[in-house]
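Worksheet: one structure, shown below.
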Number of protein chains: 2
Amino acid sequence: MSTRSVPDRIAAGTSPDGGRERILAAAARLFREHGYAAVSLRAIAGEAGMQGGSLYHHFRGKEDIVGAVLDLGIQRVHAAVEAALAELPTDAGIRESMHAAVAAHLEALLSHSDYTSANVRIFGQVPPAVQEGNKAVRRAYEKLWADLLDRAADHGTLRPDLDLRLVRRALIGALNATLEWFDRENMDPRHLAAAYADLFLNGIVEESA
Amino acid sequence: MSTRSVPDRIAAGTSPDGGRERILAAAARLFREHGYAAVSLRAIAGEAGMQGGSLYHHFRGKEDIVGAVLDLGIQRVHAAVEAALAELPTDAGIRESMHAAVAAHLEALLSHSDYTSANVRIFGQVPPAVQEGNKAVRRAYEKLWADLLDRAADHGTLRPDLDLRLVRRALIGALNATLEWFDRENMDPRHLAAAYADLFLNGIVEESA
DNA sequence: GTCTATATGATGATAGAC
DNA sequence: GTCTATCATCATATAGAC
């Protein structure tokens, strides 16, 4: 039995998962900035405070590392949005639900931006086997949004001529694109969320007619 | 004076710019699929039907090639949208202008998808000097959209509380994200353009109130 | 304008000491 | 669990023949 607390073990680098987590954080940051192929295992190890060969104690290889980074990039956003929707009253309308989901997505997206941006940027560049592994995680998150929009449509609060698949893709595309320009120094993510939810709910023109 | 027509010279690979264009097309396709660092000059040369050393007759090196690919990815869309807007009557409203601009952006984006997708995917992964070179091209295209939205706001046809910078970024983000899933076999780009223009103009909820 | 050959260095992965 | 040493392979860029 360990004689050190969990934080102490993490600080000492002897936590069972401390090494693994340090490696993933380093990999996410480097993959985001330089792409998949440009990042050497030596560079990841260096950022994580170890030598190249030590990575193979925690992961089977480069594909194993990037697979974990890609999955975390989706799963953290998925968990945040799921939790935000669970906190809403059961009779919440589309405006309230959309705002909560958009705000949770953006807050998680921009808080874990090394993982989420790495996912958006390099998914299309990793080996096919790694892509396949991440697709299941992606589909699970897409279903959350599809269900949210379907429920609103069933309640008659959405315009009936919409293609909800296109709405979902446009919305997620616009949200994820914020990774390329958003700067916490200049804007509050909650302001961004309010503006984006309003934009998709109401559009830009003054009158509907 | 050449005894062959321009198409013949291009087909024979003896056009003054045929080699350069073949190299750029090959590079765009490979950069899009595998990322910047993953693509070797030998691979680009092979796709273009030559050997590695021959590239240096047309370009100074890898950064020169990727810079040209990134610039073309923006410039071709910019030119298409500019031409579409120029064809509109001078008294065209925001609905007509938005639809024309969205349709032209999507058509050019998806027609030159190797160049445009390479730009979206690898811009953040190329050396800083290459990024700087492409930023001027990006800013020029952003100004076109900023002017379009500003004119509509001046005419009072937009909701007055909008942050037009955010509207522009959300719209371009949603449009460019189509590169990751759009398939010409399953959808007409004009249908996509109509749905996206309508979505941003009118939003998704049934009533504005 | 394209070729071959080459200089110089970095890569992913592995083996085995401690 | 981390280290060092090493293998085989691949990279960009250059030089010079044709």
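Keep in mind that the numbers below use all heavy atoms, side chains included, and drop hydrogens, waters and symmetry copies. Below, chain A is the first sequence line, B the second, and so on; all start at residue 1.
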Side chain to side chain contact (heavy atoms under 4.5 Å, CB included), that's the test. Do B:Q75 and B:V137 meet it? Break it down for me.
CA-CA 7 Å; B:Q75 288 163 340; B:V137 182; 3.6 Å; yes
Just how far, in rounded Å, is [atom2] of [N] from [atom1] of [X]?
| X | N | atom1 | atom2 | result |
| --- | --- | --- | --- | --- |
| A:H58 | D:dG1 | NE2 | P | 7 Å |
| B:H57 | D:dT14 | NE2 | C1' | 16 Å |
| B:F59 | C:dT2 | CZ | C1' | 15 Å |
| B:R20 | C:dG1 | CZ | P | 12 Å |
| A:H34 | C:dA10 | NE2 | C1' | 15 Å |

With a 4.0 Å limit, can you tell me whether A:Q51 has a side-chain N or O closer than that to the phosphate oxygens OP1/OP2 of D:dT2?
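Answer no for this pair, as no side-chain N or O of A:Q51 is under 4.0 Å from OP1 or OP2.
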Whether A:S54 contacts D:dG1 is assessed here as follows: a side-chain N or O lying under 4.0 Å from the phosphate OP1 or OP2. Is that the case?
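No, A:S54 has no side-chain N/O under 4.0 Å of OP1/OP2 on D:dG1.
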Do the numbers put A:K135 on top of the ring of A:F123, so that NZ or CZ is under 6.0 Å from the six-membered ring centre and no more than 45° off the axis?
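No, A:K135 does not lie over the aromatic ring of A:F123.
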Any Lys/Arg nitrogen of A:E107 or A:R184 sitting under 4.0 Å from an Asp/Glu carboxylate oxygen of the other?
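Yes, this pair counts.
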So does B:R121 pair up with B:E180, basic N to acidic O under 4.0 Å?
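A salt bridge is present here (some side-chain N lies under 4.0 Å from a carboxylate O).
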Derivation and outcome, side chain to side chain contact (heavy atoms under 4.5 Å, CB included), residues A:R32 and A:S113
CA-CA 9 Å; A:R32 171 193 194 168; A:S113 61; 2.9 Å; yes
For a quick check, with a 4.0 angstrom heavy-atom cut-off, what is the B/S/- contact string for nucleotides 11-18 of chain C, read 5' to 3'?
SBBB----
Listed once per pair and sorted, the side chain to side chain donor-acceptor pair (under 3.5 Å) pairs that draw on residues 142-153 of chain B, sequence neighbours left out
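Counting only pairs at least two positions apart or across chains, the side chain to side chain donor-acceptor pair (under 3.5 Å) contacts touching residues 142-153 of chain B are B:Y141-B:W145, B:K143-B:D147.
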